[in-house]
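Everything below concerns the one structure shown next.
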Amino acid sequence: MKKIILSAILGAALFTSCNDLDIAPKNIVTSDDLLSSESGMDIYMARMYSTMPFEDFKYLAERGLNECNGWLAGFGFDGTGDAVNRDGYCRTFTGESEAYWGKAFELIRAANYLIETLPDFKDKYPEITYNDYLGEAYFVRAYTFYALAKRYGGIPLVTKVINYPASSDELEVPRSSEEETWNQICADFDKAAELMMPRSPKRGYANKYVALAVKSQAMLYAGSVAKYNETVPGRLTGLGLKTGVRVIGFDQATAAEASKRYFSEAYKAAREVMEKGGYSLYMKKWAEGDRAAQRQNMIDMCSDLDSPENIWIREYLYPTTTHSFDAYNAPYVFRSPLSSAVCPTADFVELFEGFERYPDGSLKVTTGNSNTEGNYIMYDNPGDFYKNAEPRLLSYLIIPGDQFKSREMEIYAGVYTGTTPVKPLLNDYSYQNQNQNYQALDIAKGDNPTLFLSPDPNNQTIVDLPDGTKMNASGANGPFYNYAESAMTGLLGRKWLKDDPSFTAREGNSDQHYILVRYAEVLLNAAEAAVELSIAGAQSPDGSDMLTVATDAINSIRNRAGATQLTGRLTGSDESRDIVRKERRKETAFETGTKWDLRRWRVNDYDNRDGFWGETRDKNKFSSNSHFRFRGIYPFYSAQDRKWFFDVRFECISHKEFEYNPVDYYFGIPGNEVVKSPVIDQQPNR
Amino acid sequence: MTKTPDKIKRLARFVAMILLCLAFPVAAQAQTLVNVSGVVTDENNEPLIGATVMVKGSTTGTSTDMDGKYSIKAPDNATLLFSYVGYSPVNEKLNGRTTLNVSMAPDSQVMDELVVVGYGTQRRGSVTGAVASVKGSEMLKTNNENPQNMLTGRIPGLRVWQKSSEPGTYQNNMDIRGMGAPLVVIDGIPRTVEDFQRLNANDIQDVSVLKDASAAIYGVRAANGVLLVTTKEGSKSKINVSYSGSYTIQVPNKMPKLASAYDAMTIYNEQKWNNINGGSIGFSEADFAALADGTRRTSNWNDLIIAKTAPQTQHDVSISGGNERVQFYTSFGYFYQQGIFKSGDLNYDKFNVRANITAQIVRGLKFYANLAGMADKRNTPYNSSVDIIRNLWKQGVLYPAYADPDNTMLNYEGLDLEQNTVAMMSSDISGHRKYRQKTFESSAYLNFDFGEYIRPLQGLQAKALISYDYRVDNNEIYRKEYYQYAYDPLTDSYTQKIYNNSSPSNLRREFYSKSQLLGQFILNYNREFAEKHDVGATLGWEWQKRTGDNFYAVRDLAFANPYLLVGLTEGQIGAMNGGNNDLYEIANQALIGRINYSFDDRYLLEAQFRYDGSSKFAKGHQWGFFPSVSAGWRISSEPFFADAAAKAHIDNLKIRASYGELGDDGSLEYDWAMGYRYPAGIPADNGNYNGYSPGYVFNGQYISAASPLALPNTNITWYKSKTFDIGVDFDMHNGIFGFSFDYFHRHRSGLFARNEGGLPTVVGATAPRENLNSDSHMGMELELRHHNKVGNVTYDLRGMVTITRNKYLHASEKGPYANSYDRWRHDNLNNRYQGVQFGYTGDGRYESWNDIWNYTGYQEKDVLPGDYKYEDWNGDGEINGEDEHPFAYDQTPWMNYSLNASLAWNGLDFSMLWQGSALGSMQYKEPLYSIWGDMGGGILQQYTDRWHPVNATDDPYDPATQWVSGYYGYTGHYPRANSSFNRVSTDYLRLKSIELGYTLPEKWTRQCRIRIYFNAYNLLTFTKVKFVDPEHPDDELGRMYPLNKTFTFGLNFSF
């Protein structure tokens, strides 16, 4: 019996010994899997690139990089004045609701891990490929450091993989000084440029010239900070409380030198891309003197995957990786599910050529010398106000009566049935009277109104016209006084939108690529660095004639834009610098750079706000202390003479107000990170 | 291949030796087996069906058939033991008789009832752990589609929340004594709670719950207790066919409705008007007039979307019977439930089949086979119920569902995101989701009784079992493109527009398969020596392997047709889910053992262990040992007690205690492994447009990313749970009064946590999970019983209450936090009770302007009559974040109670179950907190009960304005979300189930038994929670599919 039982037990044990407990998890891969082949490296790169701090269609300035989710994303309404938006997301760029910090160090760890571990796999690759991957790691690290530095100034420069568990000395890294930070960024970009191939192994990868182009941008930032921190009241610098390190700004003694050094690096990097990169401005559709062609050329520049101007792009692909830019930003008639997030401003339009102006330079809409004088100038068509506008501007805008997706875009604020000529609707257009609403005017109220407006698109007021026909009081795309998801400035954004009648936008089916770096910006980098170096009296870093380079750069951009050429040669002066800055604002509008340019130029705060627009404008016309606002261009139909007139006034649908203070030039270090770590310093001015 | 560790082998050999030593010395006795038969009847001489007949001192037993008849093989000098729930057991010595008719008398003492425990059964009287059980027949008194809900209030310490009654979703929470989700074991095989939820309730024989260290025999998965479910077996009787069918009417229970168009316009105007700087009017007199004369079209959205009632039906047939050698139980069940959406496109059906067969192959060798199959299908519209309800509420009633008066064209104008709820709920319009699940469960075992052949081994049995379960999920998610319209009054025409999020038509098919293979080899020994020493032992070896696999495919469709073959080639996806619950291979092995000893039924001792191995851990950390001991003392069996006067009254008094160490590996996720998860995530149908894209496009090709795992921790192991329980059972006067009381305490250590606060952010990695935290859990449980018969009326009352609470002992810092106050508020959980809620205590309402002017504390500038006052908790004269203090419990109530009553009179039977909870609270969120919608949307009926001026156009900020008071403040003014105005107690008492049945007298029905009944579920609820059910208050922010009230008419029929 004993035998039976024992053999039964043994039998059971035998039976079960087939049941091995050492089972490798099926859903986990190792570093060996990823780093030992090109296809594995694609996955490792995809991992790094998918978390890069790109500010493209998936980014909303208000919400920050961590979410990277593109919810409600649009460009130009982050307090730059290019546009306004209906939502609370429309604010000055004083911080991001999800601070970029933790995710950055995860990405830096991935880059450092590659730098440290790839040498173990060196024999798996030809040398150029191996070097290129290694260069990518340095590039990713530099790019991430740069994203942090422009937000916070000096940052913890983590240049190796930190192992855990370990002593706190090994685990903690304090913030370096801002100067050391920019130096490290410069060095990492240089190392990347040295290692990487001149052409990306695959579209989407960086390469030598991507590294140099981004470097020129980063060094321009560094040079500007070193210089213009000095212009902020009280100088913008200070030491960390815990470490005594100069975590923001520069020592007064070294600031000027540092600034020159960084501008030189920016100039050199940009020049190398210009001379050897083989890129050029996109001119495929461009034709001399043909405004329509020039406009279309600028529109196509954004969407042509093979544009010679593209230095580095981020591609999207339906259905795996998409964005929703069209679903949030299309005109109201194409609403799906939202609409009209980007509404360009009159202030922005004023940057461009082709408009009549009052003596103070602002847009002229009446026959008098200012908004309140004379009668409105009448136009036959709602788009006529823009008929001489610079083609580049029109490539950014959907104007009243414009064609978009093969439909005419109706944009008007109201119908006027009173007598003509028409006197200005408001008697005060100043900043102080910004809140007066059209619907509160006497002519819009009562039993016999002469000004008709619609509260929202579902409740259009129907106007009986003198000729017996009927007309909606507001255009199909607005503006509506109670409904901000319409053309709330009388204009709509066009840049990056798909102008394809067969395309029906919805959340998650937009797949146009975003241009992360394009050649025009490199030209502008070179020009700005050149002028700044000239102002500082510095030598040309590569022996080229810097001001000629700058002048040619600006002229080539203006030529392509359909704008007039410079009348003379740029000089080492603030005036020339402003010409370059204004050109930059115009050329790179509705991209991601403007909000950073305004920061590095330090022109957001009240004291420096005259320079906000790149050109000098009287800040008191659009601001009051820390606050400022932007204007719209509202079209009205005058029923009596069947003509159109325009009213330029502060945006009156959402009453967007912006605020900026000097402290905002550096984002605060996330408070919880400061508390958590014994070495991470908060900004000294917070 | 691993070798079985030597340690186990040695242990196994040792235990086997002990068993043999116990078995051999016993002297053999000569016996002859005879066939005994007879009839068992109750006090009214009616046959008792299903009474248990056992040969005393053996495991031989049978049960009575439909006519109360039984037949059993027993030694001619044996004693037969008759038992039946609710009746006093009867012991009869055969003394050579072969016919033995027994009449049993009712009794609430159930000392000899068999209770299912881990890997075996025990007599109720000798159980030393906290084990409670309920019969399937008792469960059926609550009429519900989910057996979990039938357990509500039936077992002390078992807590069940029904979150929603959405067909086929089975959204319940269930725990034992608040300890977390228990292990579910069905017919001896560890299975899942989903399997239990989909069981045919008519197949359930009984459910046992192991609440304390008695669960330790389930080792590393037992820390939260074990739910043991046993299905029915056949009996040795003629073929018995029974049918049970019911038709149920469901009514949504407490669901907010949209206010009428008139009210919505009025309240919208108030919203606009309520501005201290001067408001504006949204809807003019003309708009109201247009509404009144019908020129402004609206729809009654409540009635368009939500049905008043929805049907549900159930049909079960079972056939059972058998003879001496073979017994079988087979059943077939069908269930159908429809949801509350008017379209009827939310529905569920389920088929169950079962065959349980017992066969005696040769003397002493029995074969058991349990086979069960389940197939269900959950149909839902493409949009989830939550989204449908969300859209309905948010969009409001002010715009019509159809653009034209003939209701043929869906309208989009004025609707939230242009999404029409009628389209959302209709599968014909917007597409569907079908979730089809099929499970096959099987187990078979051979049981050999050594005693049949070898006298000295009497009581020793060996059992070898193999079980194979398989589950497939076959899902279809179909999005259909559709068009909507808007009326343009300017041109008197209709504008057609595609609903953007519906385009293009798209189909996703998913296929998941999961399987479990399990083997057991178990030796059982049970024997009584010298009439006083009862010895039992169990030793077993168990192994288990679970695998999961899946894949899915997605294609845009050329036209609306839900088959992949009409897909477009562009953008098609084929992939799989790599989650831990979707792709896995897990193996377990265990050695289990138990020894029981009882002396004279007075002193009871039990020790058990499990040596458990799991492939989830790193090599060297795979095995763990989980022991437990328990003891009992039946004072009522003591000789001194027999003499005492008390004996005349007291039938049973037992004290028992248990202690054990258990583990839980449920949430371990290969924390010891280093590497990446690949792919990093699944590209969503819509391309992760609003989320992190888990990959990147190079050269126009999507490359999935790999996401790094958290830093590895090779030392991670299961957490340990030490459980202590002490209890007393008492019964007197044949059931006139009885109670059980338990005190329990559990201490857990090594709970998984990430030391986020301790890992500097610059490391750039996720902190590993470590065995860091600890908590403690204590509570008490009381059950009171009363059973009596007055005249012809038999009745039972049973009340139970459990109070339990959890306290964090050590909680690693979650951090980082902005400052030390922030940390104290949000992190420092050390020594803090579960779910403490911080907020403001209310201090009444402003009743008038005088009240506002006379208020001395801090005040907002736009205060109006009807607004809210708060307690200045820290007394600094200001109401701000620092006045927030612990003021409420969370949504998990600490106390649960119930009261069962049943009554029988002639053919009538009646039962009801009251059930409730206390010491919990909830917060109204989004749509239930405030008007959540624009342009007149989000205005629920409840918001009409508000403070407002008598005359709607009066300026609310003019002190001369006359006010009407209400529940809410003036529209636009809400209390602070985390104040006592908005967080209310979820205490409730409800009539969970009430049933009235009538069994037709046998003289009318002859050979069959017919019972008709009426049952109501969730009929009455008493609670302070407004608008929603207290069981699912803030789930899905209040938009969760509601619970239902049900009214059931049913018929039971058997012959």
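In what follows, every chain begins at residue 1, and chains take the letters A, B, ... in the order their sequences are listed. Computed from a predicted model, the values in this text were never measured in an experiment.
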* Which residue out of B/Ala464, B/Ala706, B/Ala767 racks up the most heavy-atom pairs below 4.5 Å with chain A? ->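 Option with the top pair count is B/Ala706.
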
* Any idea which of B/Asn713, B/Thr766, B/Asp934, B/Leu490 has the most non-hydrogen atom pairs under 4.5 angstrom with chain A? ->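 Heavy-atom pair counts peak at B/Leu490.
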
* Asked: Once the angle between the rings of A/Phe54 and B/Tyr696 is folded into 0 to 90°, is it parallel (under 30°), tilted (30 to 60°) or perpendicular (over 60°)?
  ->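 Aromatic pair A/Phe54/B/Tyr696 classed tilted.
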
Quick one, [X] and [Y] - any side-chain contact, counting heavy atoms below 4.5 Å?
{"X": "A/Leu72", "Y": "B/Asn690", "answer": "no"}
{"X": "B/Asn699", "Y": "A/Tyr205", "answer": "no"}
{"X": "B/Tyr676", "Y": "A/Asp33", "answer": "no"}
{"X": "A/Pro319", "Y": "B/Ile573", "answer": "yes"}
{"X": "B/Glu756", "Y": "A/Lys676", "answer": "no"}
{"X": "A/Arg506", "Y": "B/Pro504", "answer": "yes"}
{"X": "B/Ile703", "Y": "A/Tyr49", "answer": "no"}
{"X": "B/Met576", "Y": "A/Asn27", "answer": "no"}

Taking atom [atom1] of [X] and atom [atom2] of [Y], what is their separation to the nearest 0.5 Å?
{"X": "A/Ser200", "Y": "B/Phe698", "atom1": "OG", "atom2": "CZ", "result": "10.0 Å"}
{"X": "B/Phe617", "Y": "A/Asp22", "atom1": "CZ", "atom2": "CG", "result": "13.0 Å"}
{"X": "A/Leu171", "Y": "B/Leu759", "atom1": "CG", "atom2": "CG", "result": "7.0 Å"}

Heavy-atom distances under 4.5 Å only: say whether [X] touches chain B with side chain, backbone, both or neither.
{"X": "A/Val463", "result": "neither"}
{"X": "A/Ala505", "result": "backbone"}
{"X": "A/Asn163", "result": "neither"}

* Any side-chain donor near an acceptor of the partner, B/Asp488 and A/Gln460, under 3.5 Å ->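 No donor-acceptor contact under 3.5 Å links the two side chains.
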
* To do: May I ask you to name which of A/Val173, A/Leu305, A/Ile28 has the most heavy-atom pairs under 4.5 Å with chain B?
  =>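 Max contact count across the listed options: A/Ile28.
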
* Quick one: which of A/Ile680, A/Leu317, A/Asp511, A/Asn112 has the most heavy-atom pairs under 4.5 Å with chain B, could you say? =>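 Heavy-atom pairs under 4.5 Å are most numerous for A/Leu317.
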
* Closest approach of B/Glu770 to A/Tyr164 (non-hydrogen atoms, all atoms of both residues) ->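 The answer is OE2-OH, 3.4 Å.
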
* For chain B, find its close neighbours in residues 101-110 of chain A: heavy-atom separation under 4.5 Å, sorted by number, or none. =>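 So the qualifying residues are A/Trp101, A/Gly102, A/Phe105, A/Glu106, A/Arg109.
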
* **Interface residues of residues 39-48 of chain A facing chain B - non-hydrogen atoms under 4.5 Å apart** =>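 Hits under 4.5 Å: A/Asp42, A/Ile43, A/Tyr44, A/Met45, A/Ala46, A/Arg47.
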
* Go through the steps to decide whether A/Lys58 and B/Asn688 satisfy the test side chain to side chain contact (heavy atoms under 4.5 Å, CB included), and finish with yes or no. => CA-CA 10 Å; A/Lys58 288 247 193 184; B/Asn688 301 94; 4.2 Å; yes

